[in-house]
Amino acid sequence: FLLAELHLKIALIQMNSTDDKAANLEQARRLIESCIEKERPDWISLPEVFSFMGGTPDDKMAAAESFPDGAAYGLMRDLATRHHVHIHAGSMLEKIKGEDRLGNTTIAFNRKGEEVARYRKIHMFDVTTPDGMEYRESNAMKPGDAVVTYECEGLTIGCAICYDLRFSALFDALAKRGAVPSPETSVKALGQMLMADYILPLEVLALLLTAAMIGAVIIALREKEAGK
């Protein structure tokens with residue numbers, strides 16, 4: 001869709017990522033280039049952990065990258081440069097020096113392929129569901145501690161990943177940095193999938209852009225992430 005007042009066309013890429021990193025990156029490349037050919041967007045976003053989803057802790061570590069090195073980082077940078085487009089690279093698994101856990105990390109690139117923002121997911125999905133299933137994202141992922149925004153052709157974009165959506169204080173902090181449009185801009189809220197996607201934009205008068213995954217989630221993989 002088009003942000004008419006800012007003349008910024010936005011595209012959200014939906015993927016079905018697995019524990020095959022090479023296949024995921026080829027899928028991302030194909031979808032991005034197809035979108036660019038057909039729609040000519042200015043700004044493109046990918047889903048959380050688009051480059052690798054599932055696998056064992058060792059698999060995750062092997063797929064993770066030390067930015068700016070790595071195949072996923074390099075692909076996003078090169079696509080942004082080649083096609084002169086902004087890419088908000090969902091999130092990728094980041095190796096953190098001196099840390100056994102990984103970062104669940106967003107990187108944003110401008111039209112020149114320059115990194116303009118890096119955000120590590122703050123709120124870990126550590127919960128026990130009503131059916132007794134435990135999820136402990138913090139076993140494998142190190143939470144970030146910084147609120148991150150960046151400028152994109154007159155629009156201030158705030159970074160958040162998945163479970164961050166449940167914590168309004170983060171979005172209040174993003175609003176204080178100018179990431180939330182003021183009421184007079186007449187930007188309407190857009191939400192999808194989760195109830196919070198509808199409520200949160202109305203509370204802070206934000207345009208919420210959520211790229212997502214498709215496909216089944218395998219419980220066994222989630223149990224491995226939970227350290228069972």
Side-chain angles (χ1 to χ4, degrees), residues 12-33 35-36 43-83 85-125 136-150 152 157 159-164 211-213 215 217-218 221-222 224-225 227:
L12 305 177
I13 303 295
Q14 189 174 45
M15 292 182 58
N16 184 10
S17 296
T18 67
D19 57 0
D20 185 335
K21 182 177 178 179
N24 295 336
L25 296 186
E26 173 56 25
Q27 180 186 174
R29 182 204 61 77
R30 175 176 53 80
L31 291 172
I32 288 172
E33 293 194 324
C35 175
I36 290 170
W43 186 90
I44 297 173
S45 181
L46 292 158
E48 180 187 24
V49 293
F50 75 90
S51 59
F52 190 89
M53 186 173 186
T56 66
D58 287 344
D59 293 334
K60 286 182 170 63
M61 183 62 70
E65 301 179 1
S66 299
F67 306 140
D69 297 326
Y73 187 104
L75 176 64
M76 296 298 107
R77 178 190 58 212
D78 293 349
L79 287 171
T81 304
R82 185 184 318 142
H83 297 288
V85 64
H86 300 275
I87 294 182
H88 185 99
S91 76
M92 301 176 283
L93 300 179
E94 179 192 10
K95 291 181 179 177
I96 302 172
K97 187 175 181 179
E99 175 64 51
D100 292 333
R101 295 179 295 173
L102 301 172
N104 186 349
T105 305
T106 292
I107 305 288
F109 300 91
N110 65 17
R111 293 186 189 272
K112 296 180 181 179
E114 299 167 334
E115 180 181 326
V116 295
R118 183 179 300 194
Y119 169 73
R120 291 175 182 159
K121 182 179 180 182
I122 294 174
H123 300 98
M124 298 289 98
F125 192 63
R136 294 292 179 264
E137 186 179 18
S138 63
N139 285 349
M141 302 293 173
K142 178 180 175 62
D145 57 8
V147 176
V148 177
T149 63
Y150 63 95
C152 180
I157 296 176
C159 298
I161 298 174
C162 195
Y163 196 50
D164 282 335
M213 289 283 184
V217 176
I218 302 174
L221 295 177
R222 289 300 193 186
K224 289 178 182 178
E225 290 178 355

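- Distance SG/Cys159 to CD1/Ile107: 9.5 Å, rounded to 0.5 Å.
- Taking the ring pair (Phe, Tyr, Trp, His ring centres under 6.0 Å) definition, one finds that His86 meets it with nothing, sequence neighbours left out.
- Residue pairs that meet the salt bridge (charged side-chain N to carboxylate O under 4.0 Å, His left out) test with at least one member in residues 70-80, sequence neighbours left out, do not exist here.
- The heavy-atom pair separating Met213 from Gln14 by the smallest distance is O-NE2, 4.1 Å.
- Residues forming a salt bridge (Lys or Arg N to Asp or Glu O under 4.0 Å) with Lys21 (at least two apart in sequence, or on another chain): Glu65.
- Annotation: ring pair (Phe, Tyr, Trp, His ring centres under 6.0 Å) contacts of Phe50 (sequence neighbours excluded): none.
- The CD1 atom of Ile36 sits 4.5 Å away from atom NE2 of His83, with the distance rounded to the nearest 0.5 Å.
- Residues meeting the ring pair (Phe, Tyr, Trp, His ring centres under 6.0 Å) test with Tyr163, sequence neighbours left out: Phe125, Phe167.
- Other residues, nucleotides and ligands contribute over 12 non-hydrogen atoms within 6.0 Å of the CG atom of Asp69.
- The backbone N or O of Asp19 sits nowhere less than 3.5 Å from a side-chain atom of Asn24 that would complete a donor-acceptor pair.
- Contact detail for Thr81 and Gly113: the closest heavy-atom pair is OG1-CA, 3.2 Å.
- Pairs engaging residues 55-80 under the ring-ring contact (aromatic ring centres under 6.0 Å, His included) rule: Phe67-Tyr73, Tyr73-Phe109 [sequence neighbours left out].
- Side-chain contact between Val148 and Arg120: absent, with no pair of heavy atoms (C-beta onward) separated by less than 4.5 Å.
- Across every non-hydrogen atom of Tyr150 and Ala117, the tightest pair is CD2-CB, 3.5 Å.
- Between Glu94 and Arg118, some side-chain heavy-atom pair lies under the 4.5 Å cut-off.
- The line from CE of Met92 to CG of Leu25 is 9.5 Å long, rounded to the nearest 0.5 Å.
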### Task
For the pair Gln27 and Asn16, evaluate side-chain hydrogen bond (donor to acceptor under 3.5 Å, both in side chains) and give the outcome as yes or no after the intermediate values.
CA-CA 9 Å; Gln27 180 186 174; Asn16 184 10; over 6 Å; no
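- Partner of Lys121 under the side chain to side chain contact (heavy atoms under 4.5 Å, CB included) criterion, out of Val49, Thr105, Ile161, Thr106: Ile161 alone.
- We find the CD1-CZ distance between Ile87 and Arg111 to be 11.0 Å, quoted to the nearest 0.5 Å.
- Here the closest non-hydrogen pair linking Ser138 and Met124 is CB-CG, 3.9 Å.
- Atom OG1 of residue Thr149 and atom CD1 of residue Ile157 lie 9.5 Å apart, to the nearest 0.5 angstrom.
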### Task
Any chance you could lay out the side-chain contact (heavy atoms from CB on, under 4.5 Å) test for Trp43 and Asn110, step after step, and finish with the verdict?
CA-CA 9 Å; Trp43 186 90; Asn110 65 17; over 6 Å; no
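- Across Pro143 and Ile122, no two heavy atoms sit closer than the pair CB-O, 3.2 Å.
- A heavy-atom distance below 4.5 Å is found between the side chains of Met76 and Leu79.
- With a 4.5 Å cut-off on side-chain heavy atoms, Leu46 and Leu31 do not count as touching.
- For the side chain to side chain donor-acceptor pair (under 3.5 Å) criterion with Glu99, the lone passing option out of Arg101, Lys97, Lys95 is Arg101.
- The distance from the CG atom of Asp20 to the OG atom of Ser51 is 11.5 Å, given to the nearest 0.5 Å.
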